[in-house]
Amino acid sequence: MHQEQVIIIGAGPCGLSAAIELQRMGLDPLIIEKRNIVHSISQYPVYMQFFSSPELLEIGSIPFTTAQEKPSRLEALNYYRTVALRHNLRIRAYETVLGIESAGNGFELRTENRFGEPSVFQAHNVVVATGYFDQPNMIGIPGEEMEKVSHFFREAHPYTGMEVAIIGGSNSAIDAALELERVGARVTVVYRGENYSRSIKPWVLPTFESKVAKGLIRMQFASRVVEIAQREVVIEDLSGTRSSLPNDFVLALTGFHPDREFLTHAGCAIEPEGYPFFHEETMETNVPGIYLAGVVASRHEANEIFIETGRFHGRKIAEHLASRRG
Ligand SMILES: Cc1cc2nc3c(=O)[nH]c(=O)nc-3n(C[C@H](O)[C@H](O)[C@H](O)COP(=O)(O)OP(=O)(O)OC[C@H]3O[C@@H](n4cnc5c(N)ncnc54)[C@H](O)[C@@H]3O)c2cc1C
């Protein structure tokens, strides 16, 4: 049995930031991460650029400077990895926390490593920083389970010459459509909104609109995909009129949501609106000693917390733990 003062679940930017803040309070937290440092970012589109400028992604007050105005995925991987290594953060990589249970005056965490070997850890406090990226929002339409459908976009090359339907109207959808068009895919973006989302990066939108105006990308507003078949997708507009489009691949880029069940099993209360209860000023849940950090604390479909904001949760947690220790 391993005994720890604080265990952080998840080595995303917000889990790492929490670890540094706790270190500063004289604690030496253990991070347990089911893959490796900033795993979610390593799964993002290979050539993506963040919408945030680098200083807004900094953790532990360590400067993040980049060649361009916005960091690339590779620069972010390099930054967070370096920060974790320089701070000698204790990370057990490739180990999944399966559950948290109250035990004595703390908690017991059951884990399984990549060889399927179980372990049990005891901790006085637990910070859940598990993010949301493992849980794409499913649309719930026939055909969504087909192999040609993906909820993640990595890179455009495999789609050259193919008919691709992108579902969604966020930055991810717009960025993917542009990349796909550049490699010669025939792209249709199907979006339920009647206009472009206001969150789209303003420096990207003009390029996208120009491609649509030239007929290089098809944009279908106020529409949704209602069925996916082997060689086509069925689209329905606001009036209920259906049409079908030839299709080889579907990218359902409809966002993600945190794993709430992991929290409820640990006794954490979920508000009637569906988000976890926590105290704003401390990030502590209704279970004393269990804290939330990062996007797992999101209220609305995971969009109001991102690295820019979630990186500050760790400081609140560290200050609260320090005040408890007197
Ligand atoms: C394409 C894209 C672009 C983005 N651009 C920006 C941007 O420009 N600016 C910005 O601020 N935000 C941006 N975001 C959002 C941002 O990346 C997330 O908000 C951020 O990653 C959240 O950090 P986190 O630490 O809360 O969670 P995550 O980064 O998701 O980290 C959670 C970690 O927990 C691990 N984990 C999960 N469950 C377990 C378990 N049971 N046991 C052990 N480990 C576990 C995961 O493997 C993961 O490493 C972007 C997101 C996407 C998808």
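We're numbering straight along the sequence, starting at 1. Source: prediction; values computed, not measured.
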Colleague: Would you kindly confirm whether Ile37 and Tyr79 end up in one hydrophobic cluster when ILVMFWY residues are joined by side chain heavy atoms under 4.5 Å apart?
Modeller: yes
Colleague: With distance as the sole test, does Ser17 use its side chain to make a donor-acceptor pair with the main-chain N or O of Cys14 at under 3.5 Å?
Modeller: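 Looks like no, no N/O pair under 3.5 Å.
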Colleague: Give me the atom names and distance for the closest heavy-atom approach of Gly169 to Ser197.
Modeller: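 Heavy atoms of Gly169 and Ser197 come nearest at O-CB, 3.7 Å.
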Colleague: Taking the side chain as every heavy atom from C-beta outward, state whether Met48 and Asp175 have any atom pair closer than 4.5 Å.
Modeller: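 Answer no - side chains too far apart.
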Colleague: If you group Ile, Leu, Val, Met, Phe, Trp and Tyr by side-chain heavy-atom gaps below 4.5 Å, do Leu16 and Tyr44 land in one group?
Modeller: yes
Colleague: Determine whether more than 12 heavy atoms belonging to other residues, nucleotides or ligands lie under 6.0 Å from atom NE2 of His279.
Modeller: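 Buried by this count: over 12 neighbours within 6.0 Å.
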Colleague: Pairs under 3.5 angstrom only: tabulate donor-acceptor contacts from the side chains of residues 61-69 to other protein residues two or more places apart or in another chain.
Modeller:
{"residue": "Thr66", "atom": "OG1", "partner": "Gln68", "partner atom": "O", "Å": "2.8"}

Colleague: If hydrophobic clusters are built from ILVMFWY residues whose side chains come within less than 4.5 Å, do Val38 and Phe256 share one?
Modeller: yes
Colleague: Count the heavy atoms belonging to other residues, nucleotides or ligands that lie under 6.0 Å from CG of Leu74, then report whether that count exceeds 12.
Modeller: no
Colleague: I'd like to know if the side chain of Arg73 and the backbone of Ser42 have a donor-acceptor N/O pair within less than 3.5 Å.
Modeller: yes
Colleague: State whether the number of non-hydrogen atoms from other residues, nucleotides or ligands found under 6.0 Å of Glu261 atom CD is greater than 12.
Modeller: no
Colleague: Provide the closest heavy-atom pair for Val126 versus Ile9 in the form atom of the first, atom of the second, distance.
Modeller: CG1-CD1, 3.8 Å
Colleague: Under a 3.5 Å distance rule, please check whether Glu308 uses its side chain to pair with a backbone N or O of Leu56 as donor and acceptor.
Modeller: no
Colleague: Check whether any side-chain N or O of Asn286 sits under 3.5 Å from a backbone N or O of Gly267 as a donor-acceptor pair, and report yes or no.
Modeller: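 Yes, the answer is positive, given that a donor and an acceptor are paired below the 3.5 Å cut-off.
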Colleague: Would Leu109 and Glu4 satisfy side-chain contact (heavy atoms from CB on, under 4.5 Å), going step by step from the backbone distance to the final call?
Modeller: CA-CA 11 Å; Leu109 279 70; Glu4 297 289 336; over 6 Å; no
Colleague: Heavy atoms, side chains only, cut-off 4.5 Å: are Leu245 and Arg218 in contact?
Modeller: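 Yes, at least one pair of side-chain atoms sits under 4.5 Å.
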Colleague: Just verifying a value: how many Å separate Arg182 CZ and Thr160 OG1, rounded to the nearest 0.5 Å?
Modeller: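 Arg182 CZ to Thr160 OG1: 12.0 Å, rounded to 0.5 Å.
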Colleague: So does Glu95 get a backbone contact from the side chain of Thr111, meaning a donor-acceptor N/O pair under 3.5 Å?
Modeller: no
Colleague: Hey, could you give me the CD1/OG1 distance between Ile32 and Thr96, rounded to the nearest 0.5 Å?
Modeller: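 The CD1 atom of Ile32 sits 10.0 Å away from the OG1 atom of Thr96.
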Colleague: Please determine whether residues Val225 and Val164 belong to a single hydrophobic cluster, defined as Ile, Leu, Val, Met, Phe, Trp and Tyr linked transitively by side-chain heavy-atom distances below 4.5 Å.
Modeller: no
Colleague: Are there more than 12 heavy atoms of other residues, nucleotides or ligands under 6.0 Å from atom CZ of Arg24?
Modeller: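 More than 12 within 6.0 Å, yes.
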Colleague: Are the charged groups of Arg92 and Glu117 less than 4.0 angstrom apart, N to O?
Modeller: no
Colleague: Nearest 0.5 angstrom please: Arg260 CZ to Cys268 SG, how far?
Modeller: 11.5 Å
Colleague: Just checking Arg154: does its CZ atom have more than 12 heavy atoms from other residues, nucleotides or ligands closer to it than 6.0 angstrom?
Modeller: yes
Colleague: Okay, side chain of Lys34, backbone of Glu112: is any donor-acceptor separation there less than 3.5 Å?
Modeller: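 No; zero donor-acceptor contacts below 3.5 Å.
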Colleague: Quick check: do Asn125 and Ile317 have side-chain heavy atoms less than 4.5 Å from each other?
Modeller: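 Contact flag for Asn125/Ile317 side chains = no.
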Colleague: Has the side chain of Asp248 got a donor or acceptor atom that lies under 3.5 Å from a matching backbone atom of Met162?
Modeller: no
Colleague: Determine whether a donor-acceptor pair (N or O, by modelled atom type, separation under 3.5 Å) exists between the side chain of Thr285 and the backbone of Val287.
Modeller: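 Such a contact is found between Thr285 side chain and Val287 backbone.
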Colleague: Identify the two heavy atoms, one from Ala318 and one from Leu22, that lie closest to each other, and give their separation to 0.1 Å.
Modeller: CA-CD2, 3.8 Å
Colleague: Which distance, rounded to the nearest 0.5 Å, do you find between the CZ of Phe208 and the CG of Leu216?
Modeller: 11.0 Å
Colleague: Are Gln5 and Leu321 packed together at the side-chain level, in the sense that at least one heavy-atom pair is separated by less than 4.5 angstrom?
Modeller: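 No; the side chains remain at least 4.5 Å from each other.
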Colleague: Distance from Phe262 atom CZ to Asp134 atom CG, nearest 0.5 Å?
Modeller: 11.0 Å
Colleague: Take Leu57 and Tyr80 through the side-chain contact (heavy atoms from CB on, under 4.5 Å) test and state the conclusion after the steps.
Modeller: CA-CA 10 Å; Leu57 302 176; Tyr80 290 115; 3.4 Å; yes
Colleague: Is the gap between the ring centers of Tyr196 and Phe221 under 6.0 Å?
Modeller: yes
Colleague: Got more than 12 heavy atoms from elsewhere within 6.0 Å of CZ, Arg315?
Modeller: no
Colleague: Any side-chain heavy atom of Val97 sitting closer than 4.5 Å to one from Ile7?
Modeller: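 Side chain of Val97 against side chain of Ile7, heavy atoms only: no contact under 4.5 Å found.
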Colleague: Would you check if the side chain of Glu33 reaches a backbone N or O of Ala11 as a donor-acceptor pair within less than 3.5 Å?
Modeller: yes
Colleague: To the nearest 0.5 Å, tell me how far Phe249 CZ sits from Phe153 CZ.
Modeller: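 Result: 12.5 Å between the selected atoms.
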Colleague: Over all heavy atoms of both residues, which pair between Lys70 and Glu75 is shortest? Give the atoms and the distance, please.
Modeller: O-OE1, 4.2 Å
Colleague: Can you say whether the rings of Phe152 and Phe133 are parallel (under 30°), tilted (30 to 60°) or perpendicular (over 60°)?
Modeller: perpendicular
Colleague: Linking I/L/V/M/F/W/Y whenever their side-chain heavy atoms sit closer than 4.5 Å, directly or via other members, would Leu251 and Val204 fall into one cluster?
Modeller: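 Linked within one cluster.
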Colleague: Are Tyr94 and Asn113 packed together at the side-chain level, in the sense that at least one heavy-atom pair is separated by less than 4.5 angstrom?
Modeller: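 The answer is no, as the side chains (C-beta and beyond) never meet within the 4.5 Å cut-off.
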Colleague: Using modelled atom types and a 3.5 Å cut-off, is there a donor and acceptor pairing between side-chain atoms of Arg311 and backbone atoms of Pro13?
Modeller: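 No, Arg311 side chain to Pro13 backbone: no donor-acceptor pair under 3.5 Å.
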Colleague: Of the non-hydrogen atoms in Ala297 and Pro276, which two are nearest, and what is the gap between them?
Modeller: CA-CG, 4.4 Å
Colleague: In terms of ring plane angle, is the pair His320 and Tyr291 parallel, tilted or perpendicular, where the classes change at 30° and 60°?
Modeller: perpendicular
Colleague: Check this for me: Gln3, atom CD, are more than 12 non-hydrogen atoms of other residues, nucleotides or ligands nearer than 6.0 Å?
Modeller: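 Check passes, neighbour count above 12.
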Colleague: Begin from the C-alpha positions of Arg299 and Glu280 and carry the test salt bridge (charged side-chain N to carboxylate O under 4.0 Å, His left out) through to its verdict.
Modeller: CA-CA 12 Å; Arg299 299 196 160 134; Glu280 288 276 351; 2.9 Å; yes
Colleague: Just so I know, are the side chains of Ile166 and Leu180 near enough to count as touching, which here means a heavy-atom distance under 4.5 Å?
Modeller: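 They are in contact (side-chain heavy atoms under 4.5 Å apart), so the answer is yes.
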Colleague: Give the C-alpha distance, both sets of side-chain angles, the deciding distance and a yes or no for side-chain contact (heavy atoms from CB on, under 4.5 Å) between His151 and Met138.
Modeller: CA-CA 8 Å; His151 291 83; Met138 303 302 280; 3.7 Å; yes
Colleague: Can His313 and Glu21 be said to form a side chain to side chain donor-acceptor pair (under 3.5 Å), step by step?
Modeller: CA-CA 9 Å; His313 294 164; Glu21 298 297 339; over 6 Å; no
Colleague: Can you check salt bridge (charged side-chain N to carboxylate O under 4.0 Å, His left out) on Glu163 and Lys148, steps first, answer last?
Modeller: CA-CA 11 Å; Glu163 293 280 354; Lys148 70 173 199 168; over 6 Å; no
Colleague: Walk me through whether Thr130 and Asp259 qualify under side-chain contact (heavy atoms from CB on, under 4.5 Å).
Modeller: CA-CA 8 Å; Thr130 47; Asp259 182 356; 5.6 Å; no
Colleague: Closest approach of Ser223 and Ile235, non-hydrogen atoms and distance?
Modeller: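 Scanning both residues, the minimum pair turns out to be CB-CG2, 3.8 Å.
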Colleague: Show, in sequence, the C-alpha distance, side-chain angles and deciding distance for Glu284 and Arg324, and conclude whether the salt bridge (charged side-chain N to carboxylate O under 4.0 Å, His left out) test is met.
Modeller: CA-CA 12 Å; Glu284 192 172 37; Arg324 276 204 172 153; 3.0 Å; yes
Colleague: Kindly indicate whether the side chain of Leu89, heavy atoms from C-beta on, has any atom under 4.5 Å from the side chain of Val83.
Modeller: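 They are not in side-chain contact.
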